[in-house]
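Report on the following structure.
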Amino acid sequence: MSRYEKIWETVRQIPYGRVATYGQIASIAGMEGHSRLVGYALHALKSAYKVPWHRVINAKGKISLAGPTERIQRKLLEAEGISFSQSRRIDMKLFQWNKTGS
DNA sequence: CATATGACGTGAC
DNA sequence: AGTCACGCCATAT
């Protein structure tokens, strides 16, 4: 299993209505500190893998994309009940996925 | 083989 | 909250 597949498997576990950060995914997938790989893995993602990529955001609670894709991701998240602040920021306290908790 | 670049994180200011 | 510098690693050229 490649590192990408491991990452995709982890992202697939994020529950509806929750979000996770790149670093968080990296940790759970067993590669702490390699947050960049997560971003790279998602970038290389193909639609066929059915991964909720929109639930992955950066540590500051913001969408790391620019352009048309950003709007799509925001829309998908809002559709799951996740709210954004005026500065396009998500309240991590409320929506970040915690394996133990929910 | 050497460089540049990118869906990032953390710490410092 | 916004910016910078630096660390990390896989791909592309």
Side-chain angles (χ1 to χ4, degrees):
Chain A
M1 172 180 273
S2 72
R3 299 204 233 204
Y4 280 5
E5 292 175 329
K6 188 107 178 179
I7 289 172
W8 295 331
E9 271 302 311
T10 305
V11 174
R12 202 174 300 176
Q13 291 171 37
I14 304 175
Y16 181 94
R18 287 300 182 78
V19 295
T21 68
Y22 292 89
Q24 188 181 353
I25 296 301
S27 279
I28 298 173
M31 34 190 133
E32 191 159 346
H34 298 227
S35 56
R36 202 150 197 176
L37 277 222
V38 176
Y40 208 87
L42 291 181
H43 181 71
L45 186 61
K46 297 182 173 52
S47 56
Y49 291 91
K50 299 184 290 190
V51 173
W53 58 271
H54 56 280
R55 295 182 192 149
V56 183
I57 57 182
N58 66 27
K60 294 187 172 65
K62 290 206 300 193
I63 292 177
S64 294
L65 290 171
T69 324
E70 175 179 0
R71 180 179 60 79
I72 296 174
Q73 179 167 12
R74 200 176 72 229
K75 190 178 175 186
L76 287 170
L77 291 174
E78 290 176 331
E80 297 190 356
I82 295 172
S83 55
F84 287 76
S85 71
Q86 295 189 328
S87 53
R88 295 264 148 12
R89 190 178 287 267
I90 292 176
D91 188 337
M92 300 305 280
K93 283 288 201 179
L94 299 176
F95 304 107
Q96 181 164 35
W97 171 44
N98 54 327
K99 271 189 88 107
T100 61
S102 171

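These values consider heavy atoms only, across backbone and side chains, with no hydrogens, waters or symmetry-generated copies. First the proteins, then the strands, lettered A, B, ... as listed; each starts at 1.
- Closest contact between the side chain of A:Arg36 and the listed nucleotides B:dG9, C:dC8, B:dA7 involves C:dC8.
- For A:Glu70, the CD atom sits in a packed shell: over 12 heavy atoms of surrounding residues, nucleotides or ligands are nearer than 6.0 Å.
- Heavy-atom nearest nucleotides on DNA chain B were determined for A:Asn58 and for A:Tyr40, and the one closer to the 5' end corresponds to A:Tyr40.
- In this structure, A:Leu65 atom CG and B:dA7 atom C1' are separated by 5 Å, rounded to whole Å.
- Atom CG of residue A:Leu42 and atom CD1 of residue A:Ile25 lie 8.0 Å apart, to the nearest 0.5 angstrom.
- Distances shown here put a side-chain N or O of A:Arg89 below 4.0 Å from the OP1 or OP2 atom of C:dG2.
- By the rule that hydrophobic residues join a cluster once side-chain heavy atoms approach within less than 4.5 Å of another member, A:Ile14 and A:Leu94 end up as members of one cluster.
- For A:Arg3 and C:dA10, the shortest distance from a side-chain N or O to OP1 or OP2 is below 4.0 Å.
- Contact annotation for A:Ser64: backbone-only contact, meaning every heavy-atom pair under 4.0 Å involves sugar-phosphate atoms and none involves a base.
- Rounded to whole Å, atom P of B:dT10 lies 9 Å from atom CD of A:Glu32.
- Between A:Lys60 and A:His43, it is A:His43 whose nearest contact on DNA chain B lies nearer the 5' terminus.
- Using a 4.0 Å cut-off between charged side-chain N and carboxylate O, A:Arg12 and A:Glu9 make a salt bridge.
- Nucleotide C:dA10 holds its C1' atom 13 Å from the CH2 atom of A:Trp8, rounded to whole Å.
- Figure legend. C:dA12 is base-paired to B:dT3; pairs are counted as Watson-Crick or G-U wobble with both atom distances under 3.5 Å.
- Taking side-chain N and O atoms only, A:Tyr4 has a distance below 4.0 Å to OP1 or OP2 of C:dT11.
- Across the protein-nucleic acid pair, A:Gln96 atom CD and B:dG9 atom P stand 11 Å apart, rounded to whole Å.
- Comparing A:Ser85 and A:Leu37 by the nucleotide of DNA chain C that holds the closest heavy atom to each, the one mapping nearer the 5' end is A:Ser85.
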